[in-house]
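Below, chain A is the first sequence line, B the second, and so on; all start at residue 1.
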Amino acid sequence: MTVVAFAEKNKAAAQIASILGDGEVEKIAVEGLPAYEFKWKGEEWLVMGLSGHIMNYDFPEQYNKWSEVNPGVLLGVDPEKFVTRADYAAAVKNLAKRADKIILACDYDREGENIGFEAKTLAEEVTNVPFERARFSALSPKEVKKAFENLMDPDYNMAMAAEARQILDLKMGAAFTRFVTLSVREKARTKDILSIGPCQTPTCGFVYEREKVIRAFQAKDFWKITAIFSAKGGEFEGTHRAGNIHDKEKAAEIFKKLKGAKEGLVAKKTVKETKTSPPNPLNTTEFLKRASKFLGISPELALEVAEQLYLAGFTSYPRTETNKYADDFDFKSFVLDFARQKEYKPFAESILIAPIVPKNGDKDGHDHPPIHPIRAASRGEVSSAINIPQAPEVYDLIARHFLANLMPAAIFEKTHLHLLVKEDPFDSSGTVLKDSGWLEAYPFENKKDKLLPFVEEGEEVGIKKLSNTKSKTSPPKKLTEAELLTLMDKNGIGTKATAPSHIETNKKRGYFETKGKTVSMLDTGFTLMEGLSLTVPILVRPDIRAKIETLIQEVEDGKKEFEAALDEGIALLREMYSQLEANKKELTSSIAGTIKDEAALEDKKNYIETCKACGHVLRIVQTDSGRFVGCTGYPDCRNSYPLPKTGALTVLRSKECKKEGAAVLKVGNKYNWAVGIGPCFKCDLEKECYPPETVGPCPECDGSMFLITFKDTRFLGCTKRCGYTHSVPKAGKLTLLDKTCEGCGWRMFRLKEEGESPEEDFCVNRRCKEGRKYWKKPGTGNEARIRKTASLSPAASSAAIPVTGRTSKVLAADLKKNK
DNA sequence: GCAAGGTC
């Protein structure tokens, strides 16, 4: 007789084999995967671990093209179950063929029952031997032996409850995600996926609810009356019992009455001793919360580190709901181990002097013990074994938490003083740590004393200062990741193993982000949640998960047929889906708006500013017919500005238009353009905006000549764009000087040519006697040009600019247009 | 390409 058993994972299979096989176990390979062979009660046993789920659901092929399937249709399509781990499926069949009896020995929970049924389904393809179920709550010899001596029937209902969850989760996720994503893409160009899911969406909902309160918050003034008292032992602060006074007059009235008071009376003094118990043992959720709160490590990373610590033998299995130790847990051997480790020695020794009594919680998931260290290790040992920088501190947290859990309560002494100042009551309090107890081993908790000098009841104390301070109420704080985990846990969102992944999904989608310990809503997430809460509010709240959970619990309890529960669940999804569909426009236009805004903000090259008309974003828009500055809020917002037709545009971030233009743009290398009020050079305030270096007055109009550098050439142009231009030397480094020409008043230039030619200062103005001297000089090569230029009319003189034909045309057109 | 649940 050969008995084959399937456990949830290899680790469990090995443990079961070692318990039942009593050490006489042979490790074998089945299809390349580990399995364990041994004898128990005269029978041949083969135990293999699976890898969690080895099957999954998906829609049939023809439904996988998003563009060809109406997402709502998916709610009515039956997904197919297929093998995701072919290696495990082959191994299951291989072992099943050898079996006379098969035992499902996965974890004792809904998913474990389902995973067992996956193996059962596969095995049934090759055998028709009977199946039985071993149920154990811990991998201890006692529990395991009991389970295998008292085999039960596999629980079909329990497995089908998980099956219903899988199908409903997939239908909802696929239909809703595709609907929202595709609808938004009709209005905004994006490759991003806007996902919706029964866990991720309520998780985002928690962040949204807090954000909404923060955004709606309006600060209010309040006043607080405080006094600094002085006693023999020192000074201390007291607060008027009225606390935060929101009425300014009332505060003033009280303060007026108190003014001039020189002393107060200690009317009553109470001293109370309070005990703070050590924390409960760590289950997964509590561990993740503390890793985030104390170490600033994200739940995702914390779980990963804990997994590595577990695999390396430093700590116990990290996925557990249990926060109480089993009665027979051997604390002493662990503590003795810690007594040999320098960092933890003092705490371990203090624990060993008395009988060990742990502080226990009340959750027992019947799965694994609380997370605890398996062996004492130094930070160095941990960091050399695990290649994650945070591993030593995570280990340290788990180790110290374990030790703290076994230590006595911390004792505080709290003193409260009730004082009277001109009959008005004041309060003052202080706290002193009398016995640090478990806090000694647990530096993560704040244990600062707030000291009060010694005063006696009935004592008169002096008043050093009385103040009436105005403050503002502050908005609620952003959620911390630890608080988010608490909300998820309380509302049954996700499981101990999946909660971090739901947070990650939301981050990946750009719905929210975490900075250190706090979670911040991002605009896409906020708009999506806002849209959903207005159309299908149940989606944003934990209700959606709760409703599905109720349905599948009824399947598990045998109160409802699988098919009936599925139908009900689908009906619920259809109802939500039609609400979403009916409000498609409202939902998608706001999300599309946010996506466009975010894209426009990201597009540094074209971004101009936030639109003052509507709050969306102004940016440069290029179309086939030309370019302009337009608003992402179009067509609702038609705010727009023209731009010059040619020339590369560069937004000058450092320039600010003084005439309330939105931004200053550089056009090619020629001139600037202020968005909203036209080109800068036409602006009266041009000098404040972007002063051109003028050379002197234009001989043709009342403008000024300034140096224009364009592509490979340079020349003088007129600020009034009258059309008059003037050449400058083509080669060499040209510097405009402050000194002016005695002949015409134009500023002079200095030229430093390549090679050893000396620097010289000169006037370039051909209409000036001094200027002509320069151009006539041999080597400037411009004698002929002077004659040619002189023969042309000023209006056509731009043709004389020594540039290519094309550029000169473009330039001329621009100059004309901008006039 | 979509979810959530296992586990490595």
Going 5' to 3' through nucleotides 1-6 of chain B, assign each nucleotide B (protein heavy atom under 4.0 Å from a base atom), S (under 4.0 Å only from sugar-phosphate atoms) or - (no protein heavy atom that close). BBBBBB
Is a donor on one side and an acceptor on the other found under 3.5 Å between the side chain of A:Ser590 and the backbone of A:Thr527?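 Flag not set: sc A:Ser590 to bb A:Thr527 has no pair under 3.5 Å.
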A:His401-A:Phe287 aromatic ring centre distance below 6.0 Å: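 No.
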Between A:Phe148 and A:Trp45, does the ring centre distance come in under 6.0 Å?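 Distance test on ring centres: under 6.0 Å, yes.
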Please name all residues satisfying side chain to side chain donor-acceptor pair (under 3.5 Å) with A:Glu143, sequence neighbours left out, ordered by chain then number.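 Scan of A:Glu143 (side chain to side chain donor-acceptor pair (under 3.5 Å), adjacent residues dropped) gives none.
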Pi-cation contact, A:Tyr36 with A:Lys27 (under 6.0 Å, within 45°):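 Checked: cation-pi criterion not met.
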Rounded to whole angstrom units, what separation is found between the CD atom of A:Glu304 and the P atom of B:dT7?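 One finds 14 Å between P of B:dT7 and CD of A:Glu304, rounded.
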